[in-house]
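Residue numbering restarts at 1 for every chain, and letters A, B, ... go by the order of the sequence lines.
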Amino acid sequence: MSNYYLTTPIYYVTAKPHLGHAYTTIVGDALARWHRLLGDNVHFLTGTDEHGQKVQQAAEAAGLSPQEFTDSIAPLYQQAWQQLNISNDDFIRTTEARHKIGVAELLQRCYDAGDIELGLYKGKYCIACEEYYTDDELDPGDLCRIHKIPVEQVEEENYFFRLSRFQDRLLDWYAAHPGAIAPEFRGNEALGLIRGGLRDFSVSRTSLTWGIPLPWDSKHVAYVWFDALANYLTAIGYGQDNDEFSKWWPAHHLIGKDIIRHHCAYWPAMLISAGIEPPAGWAVGGWLLVGGEKMSKTTGNVVNPLDLVADVGVDGFRYYILADTPYGNDGDFTYEGLIGRYNSDLANNLGNLLARVATVVEKKCGGVGPAPRSDSPLATSAASAYAATAEAWAETAPSRALEATWSLIRATNAHLEANEPWKAEPGAAVDAVMGDALEALRIVAVLASPAVPETSETVWQRLGLPGRADEQRLPAAAEWGRYPGGLTVTKGESLFPRKSV
RNA sequence: GGCGGCGUAGCUCAGUUGGUCAGAGCAUCCGGCUCAUAAUCGGAAGGUCAUCGGUUCGAACCCGAUCGCCGCUACCA
């Protein structure tokens, strides 16, 4: 049994949970659940990023202390993930004591290594970005390109992380670890920006107090990115519990394409400096657009995932997110797409298959599920569906994984159609066909459980199987012929009632 | 400007080292079936794999050029 440590980015508490957060988190959850099926010992982490100037400002605007403010937002994420059936093993908030202890440790290590040095920073600073910019990075009139507001001329004593020293070490590390960043073109992008030259970056601020003090100079608080990245360490005991830490590290990171620089350049450099092994891998996702446009408050197209759950259920939403968006590229959320997937894949294929099988078992087999044939033609369909599903999950390609799993559902519908058990008199022939269908459904329930966990449990129970679908272990659970027969099959309500468009 | 990517059936996309690679799903049309959620099954139609040229016995896949689109070039999934 191997340990598998998976992280999502931690989400900045100036925004409430939206579709974009849900997208990354659901992908992470499905991956975590798949690895649990494989028998891995999984630790799946998500959380919230709660320090920095923007939080301080948002708190002031709300008339709260920063701590009160973050205390009011962080639970929204925890609740959202609960409602989306996210199986995170931990949830870290960067305002927790364990995090502050670990960050201090990491800072001190980098400082002791000589990679953090005091400097004077004169520059043009965008308050909204919390970033300094050079002239060529600004629009005419010294406007921030992102926020279109004037930057301020600021002079501040800062500590700097000497990132510029790490270019060769990073390139060497990546050369020795091909494929660490997926998809490949994102890896090229990361290498490109490292080759393009790395500038030292400021890791402290004296201009605000809402942050973690530097252990050797308490006038400074840690820059929010340094603070935030460290969550991946502090959540598993860095600086406090070495056994726990070394049990899980290095991590597999799930990130968005916009934070490649921080995660693929800053972060491994910080780790190398502190004497910690770089991450095991990064899976970089694209944006989930809404109607072809980037979600933003100004265009008013921010989608609340919980509204969608009310329409198509948790699994309907999860399935759509996973099946309709090839990971790595931008996806496009549309309501029509959501309903289309729901109807065709969930209602027509999976839901209807279970319904027709249950009915025929009831009518022709007395409601008792027969055992499958060992030489069923469906056995090969199941084997190839499993192989393709496993391969796709290994490549962080949920959409292809689900397509592969669903191929077994289609094959099962075809198998029924070819044998027409509803026309035959009860007997061995009917039993054989229905046993095959039940066995295929059993395998589908296991393979689909990372995406649609609730549905898989329901199918599992309706088939009369003991235990739970998500307790099964692959590859054994995908072997043909494990449905024992003699179990009571329950018809039940429609799994996914069709939606009218 | 620099670096990188994309352009495959109406739509969304698979095609890992060049030789059943011209595919899947959805949508459309025709037919079958009626156990099932007007579901399902079969079949058809639909692409000169952006364009041009090259390498090769053979290229969607390699090389060059052209056209179009996009990403990154220190905010945030």
*Output, in order, the C-alpha distance, side-chain angles, deciding distance and verdict of side chain to side chain donor-acceptor pair (under 3.5 Å) for R356(A) and N413(A).*
CA-CA 9 Å; R356(A) 67 194 304 207; N413(A) 270 320; 2.7 Å; yes
*Heavy atoms under 4.0 Å, any strand shown: does N349(A) hit a base, just sugar-phosphate, or nothing?*
sugar-phosphate
_If I take atom CD in residue E391(A) and atom P in nucleotide rA24(B), what distance separates them, rounded to the nearest angstrom?_
18 Å
_Atom-pair distance (CG on N343(A); C1' on rU40(B)), nearest Å_ = 15 Å
*asked:* Taking rU8(B) as the reference, what is the distance to rA50(B) when you measure between their C1' atoms (whole Å, please)?
replied: 10 Å
*Which part of the nucleic acid, if any, lies within contact of Y23(A), taking any heavy atom under 4.0 Å across all strands shown: a base, the sugar-phosphate backbone alone, or nothing?*
nothing
*P atoms of rU66(B) and rG2(B), separation to the nearest Å*: 13 Å
*Gap between atoms CG and C1', on D345(A) and rU37(B) respectively (whole Å)*: 15 Å
*Does H415(A) or A347(A) map to a spot on RNA chain B nearer the 5' end, using the closest nucleotide for each?*
A347(A)
*asked:* Could you identify the nucleotide paired to rG71(B), looking across every strand shown and requiring Watson-Crick or G-U wobble geometry with both distances under 3.5 Å?
replied: rC3(B)
*Whole-Å gap separating P (rC72(B)) and CH2 (W282(A))*: 20 Å
*Between rA14(B) and rA24(B) - C1' atom distance, rounded Å*: 7 Å
_Students often get this wrong, so: under 4.0 angstrom with heavy atoms, is A414(A) touching a base, only sugar-phosphate, or nothing?_
sugar-phosphate
*Rounded off to whole Å, could you give me the CG-to-C1' distance for the L322(A) and rG25(B) pair?*
16 Å
*When rounded to the nearest Å, what value does the distance between C1' atoms of rA60(B) and rC21(B) take?*
8 Å
*Rounded to whole angstrom, note down the P distance from rA39(B) over to rU28(B).*
10 Å
_Quick check on Q82(A): does its CD atom have over 12 non-hydrogen neighbours (other residues, nucleotides or ligands) under 6.0 Å away?_
no
*Provide the distance between the two C1' atoms, one in rG18(B) and one in rC63(B), to the nearest whole Å.*
13 Å
_Plane angle bin for W282(A) and H253(A) - parallel if under 30°, tilted between 30 and 60°, otherwise perpendicular_ = tilted
*Pairing partner of rA38(B) (Watson-Crick or G-U wobble, both distances under 3.5 Å)*: none
_Any strand counts, and the cut-off is 3.5 Å on both contacts for Watson-Crick or G-U wobble. Which nucleotide pairs with rG18(B)?_
none
*Rounded to whole angstrom, note down the C1' distance from rA9(B) over to rA22(B).*
10 Å
Give each protein N/O atom lying under 3.5 Å from an N/O atom of nucleotides 33-36 of chain B, with the pair distance.
unit_1  : atom_1 : unit_2  : atom_2 : d
rC35(B) : O2     : R356(A) : NE     : 3.2
rC35(B) : N3     : R356(A) : NE     : 3.4
rC35(B) : N3     : R356(A) : NH2    : 2.6
rC35(B) : N4     : R356(A) : NH2    : 3.1
rA36(B) : O2'    : N352(A) : OD1    : 2.2
rA36(B) : N1     : R356(A) : NH2    : 3.4
rA36(B) : N3     : N352(A) : ND2    : 3.3
rA36(B) : N3     : R356(A) : NE     : 3.1

*Before accepting this row, confirm whether a basic side-chain N of the pair E395(A)/R400(A) lies closer than 4.0 Å to the acidic partner's carboxylate O.*
yes
*asked:* Using Watson-Crick or G-U wobble geometry with both distances under 3.5 Å, which nucleotide pairs with rA24(B)?
replied: rU12(B)
*Provide, to the nearest angstrom, the distance between the CD1 atom belonging to I339(A) and the C1' atom belonging to rC26(B).*
15 Å
*asked:* With a 3.5 Å distance limit and no angle check, can you tell me whether R93(A) reaches the backbone of D49(A) through a side-chain donor-acceptor pair?
replied: no
*asked:* For D200(A), is there an ion pair with R162(A) - N to carboxylate O distance below 4.0 angstrom?
replied: yes
*What about the rings of Y159(A) and Y223(A), do their centers lie closer together than 6.0 Å?*
no
*When we call it a touch if two heavy atoms are under 4.0 Å apart, what does I259(A) touch: a base, just sugar-phosphate, or nothing?*
sugar-phosphate
*Which part of the nucleic acid does S494(A) contact within heavy-atom distance under 4.0 Å: base, sugar-phosphate only, or nothing?*
base
*Please report, rounded to the nearest Å, how far the P atom of rA38(B) is from the CZ atom of F496(A).*
16 Å
Distances under 3.5 Å between protein N/O atoms and the N/O atoms of nucleotides 4-15 of chain B, please, pair by pair.
unit_1  : atom_1 : unit_2  : atom_2 : d
rG15(B) : OP1    : R400(A) : NH1    : 3.3

_Check the orientation of Y23(A) and Y327(A). Use parallel for under 30°, tilted for 30 to 60°, and perpendicular for over 60°._
tilted
*For rC62(B) and rU17(B), measure between their P atoms and round to the nearest Å.*
8 Å
_Which nucleotide, if any, forms a Watson-Crick or G-U wobble pair with rU56(B), using both distances under 3.5 Å?_
none
*Under a 4.0 Å N-O cut-off, is there an ion pair linking D311(A) with K499(A)?*
no
*According to the interplanar angle, ranging from 0 to 90°, do the rings of Y11(A) and W81(A) count as parallel (below 30°), tilted (30 to 60°) or perpendicular (above 60°)?*
perpendicular
*Separation of atom CZ in R195(A) from atom C1' in rC72(B), rounded to whole Å*: 14 Å
*asked:* Whether the side chain of Y342(A) engages the backbone of P497(A) through a donor-acceptor N/O pair (distance < 3.5 Å, no angle test) should be reported.
replied: yes
